[in-house]
Amino acid sequence: MTHDRKNNRIYLDHSATTPVDPQVVEAMLPYFTQTFGNASSIHSFGQDAKVAMEDARRHIADLIGAEPAEIVFTSGGTEADNWAIKGAAYFFENRKKHVVTSRVEHHAVLYACKYLEKRGFDVTYLPPDKYGMVAPERVAEAIRDDTFLVSIMHANNEIGTINPIREIGEIVHDRDVLFHADAVQSVGKIPVSVKDMNVDLLSLSGHKIYGPKGIGALYIRSGVKVEKFLHGGRHERDRRAGTENVAAAVGLGKAAEICRSRMEEDMQTLRKLSEEMRGKLERNVSGLHLNGHQSRRIPGIVNFSFEGVQSDSLMLSLDLKGIAVSNGSACTSGTVEPSHVLRALGLPHNLANSAIRFSLGRENTSEEIDYTVVALKEILERLRGLKRGRR
Ligand SMILES: *Cc1c(COP(=O)(O)O)cnc(C)c1O
């Protein structure tokens, strides 16, 4: 599926998005044409759609150890993150005004927090350790009397590092503060239990787990109050207005069901494949540094900095050979800014600017990894040679 054999391309960017599982597509199709009813309608067309929505909700709840009533569908991970943060902020407005988060969060969290700062809230951005981990003690120190929310991601999307969420959650709860975790990169890939993690709010997304784009969910623990984000009809038990995207919800439900059924197998395969890739790179390529934690990482994400090259040239050269990877840098107005995550780890500018994230998925093979390592070796020799020639 991910190996596009006709064009001989290799997809190693599953943390950006995944292909939709054919079983998911199949499950979704009837909801465009046959069972097209509005899930809020009373008649049988509506009720059929409603049944499908609730079935999907149960699969998502089962994947994270929640109750179906605690799951609200959103337009994706970004909306779930924004809702958790702004929804909590508006609920506590004029009473409490402090949020604790980290410097390695996804932009959906970071920029929502930056926005709150403009509206008069205070935000503490905790530095991670050199592996990208946020220490529970740091969170404990940062919480103030006027803190209403702590938002710390479960697994990092660039380096794969897994945070000690359960320990952080215990601390946050002891202080009577809400705890949100962006779990977009961990849900469906490693066991996630909202109870074990002590979270009140948790974001997840469909398209990172072989489901469709434009659908996700926010887990809102029973009894937890946040302000609404979308006003209108009384959809989703009056928590999020807007006619339900039934087909996409069904797709997310199916994706969740599949992830749950094959999680052990997927974790093993991906762990093995990424270890293989790591080993082969370390044996064949010089001047490389692993970014992120050695072992506390999501299976499938491998992030390396390659001395003496720019990640964007590396990425483009790999793309010319049909290999899709990513770097965390954002190209804004022609200048390449290194990833905020790698900078937060304390990587010097040159190493932060030479990082590549390989994110593996279900369909990747050993042969693809071999091909990638050989290609990378050639490209690095050429790029580093050019650089020496220019001196
Ligand atoms: C992809 C991603 C998001 C955003 O999810 P969308 O569904 O693409 O909006 C948020 N957080 C993390 C960690 C992600 O990887």
Should Leu314 and Leu281 be regarded as members of a common hydrophobic cluster, given that ILVMFWY residues are connected when their side-chain heavy atoms come within less than 4.5 Å of each other, either directly or indirectly? yes

So CG of Leu376 and OH of Tyr371: to nearest 0.5 Å the spacing works out to 12.0 Å

Holding to ring-ring contact (aromatic ring centres under 6.0 Å, His included), I want the full list of residues that pass it with Phe36, two or more places apart in sequence or in another chain. Phe45

Examine distances only and state if a side-chain atom of His14 and a backbone atom of Ser359 form a donor-acceptor pair shorter than 3.5 Å. yes

If a pair satisfies salt bridge (charged side-chain N to carboxylate O under 4.0 Å, His left out) and one of its residues is in residues 248-259, list it, with sequence neighbours excluded. Lys254-Glu257

Please list all pairs passing the ring pair (Phe, Tyr, Trp, His ring centres under 6.0 Å) test where one or both residues lie in residues 276-301, with sequence neighbours left out. Tyr131-His293

Using a 4.5 Å cut-off on heavy atoms from C-beta on, say whether the side chain of Met277 contacts that of Thr372. yes

Closest heavy-atom pair and its distance - Tyr125, Glu117: OH-OE1, 2.7 Å

Are Ile165 and Val184 co-members of a hydrophobic cluster defined by side-chain heavy atoms under 4.5 Å apart? no

His107 and Tyr111 aromatic ring geometry - parallel, tilted or perpendicular at 30°/60° bounds: parallel

Quick one: pull up CG in Leu63 and CG in Leu252 and give me the separation to the nearest 0.5 Å. 9.0 Å

One should read off an interatomic distance between Asn364 CG and Phe358 CZ, to the nearest 0.5 angstrom, of 12.0 Å

Checking salt bridge (Lys or Arg N to Asp or Glu O under 4.0 Å) for the pair Glu276/Lys272: CA distance, chi angles, key distance, verdict? CA-CA 6 Å; Glu276 188 183 319; Lys272 197 164 148 268; 5.1 Å; no

Quick one: side chain to side chain donor-acceptor pair (under 3.5 Å) pairs with a partner in residues 160-173, sequence neighbours left out? His173-Asp200

Tell me, do Val99 and Val150 make a side-chain contact under 4.5 Å, heavy atoms counted? no

Looking at every heavy atom in both Gly211 and Val20, which two are closest together, and how far apart are they? O-CG2, 3.5 Å

Run the side-chain hydrogen bond (donor to acceptor under 3.5 Å, both in side chains) test against Thr124 and tell me which residues pass, sequence neighbours left out. His98

Any Lys/Arg nitrogen of Asp370 or Lys280 sitting under 4.0 Å from an Asp/Glu carboxylate oxygen of the other? yes

Determine, step by step, whether Glu275 and Arg271 satisfy the salt bridge (Lys or Arg N to Asp or Glu O under 4.0 Å) criterion, reporting the C-alpha distance in whole Å, the side-chain angles of both residues, the deciding distance to 0.1 Å, and the verdict. CA-CA 6 Å; Glu275 281 314 299; Arg271 204 166 274 147; over 6 Å; no

Nearest heavy-atom pair of Ala352 and Pro338: which atoms, and what distance? CB-CB, 3.9 Å

Quick check: is Ile162 connected to Val109 through a chain of hydrophobic side chains (ILVMFWY, heavy atoms under 4.5 Å apart)? no

Hey, what do you get for CD (Gln185) to CG (Leu204), rounding to the nearest 0.5 Å? 12.0 Å

Salt bridge or not between Asp122 and Arg144? Use side-chain N to carboxylate O under 4.0 Å. yes

Joint hydrophobic cluster, Ile369 plus Phe304, side-chain heavy atoms closer than 4.5 Å: yes

Hey, could you give me each pair passing side chain to side chain donor-acceptor pair (under 3.5 Å) that has a residue in residues 236-248? Not counting sequence neighbours. Ser40-Glu244, Arg57-Glu236, Glu79-Arg240, Lys228-Asp238

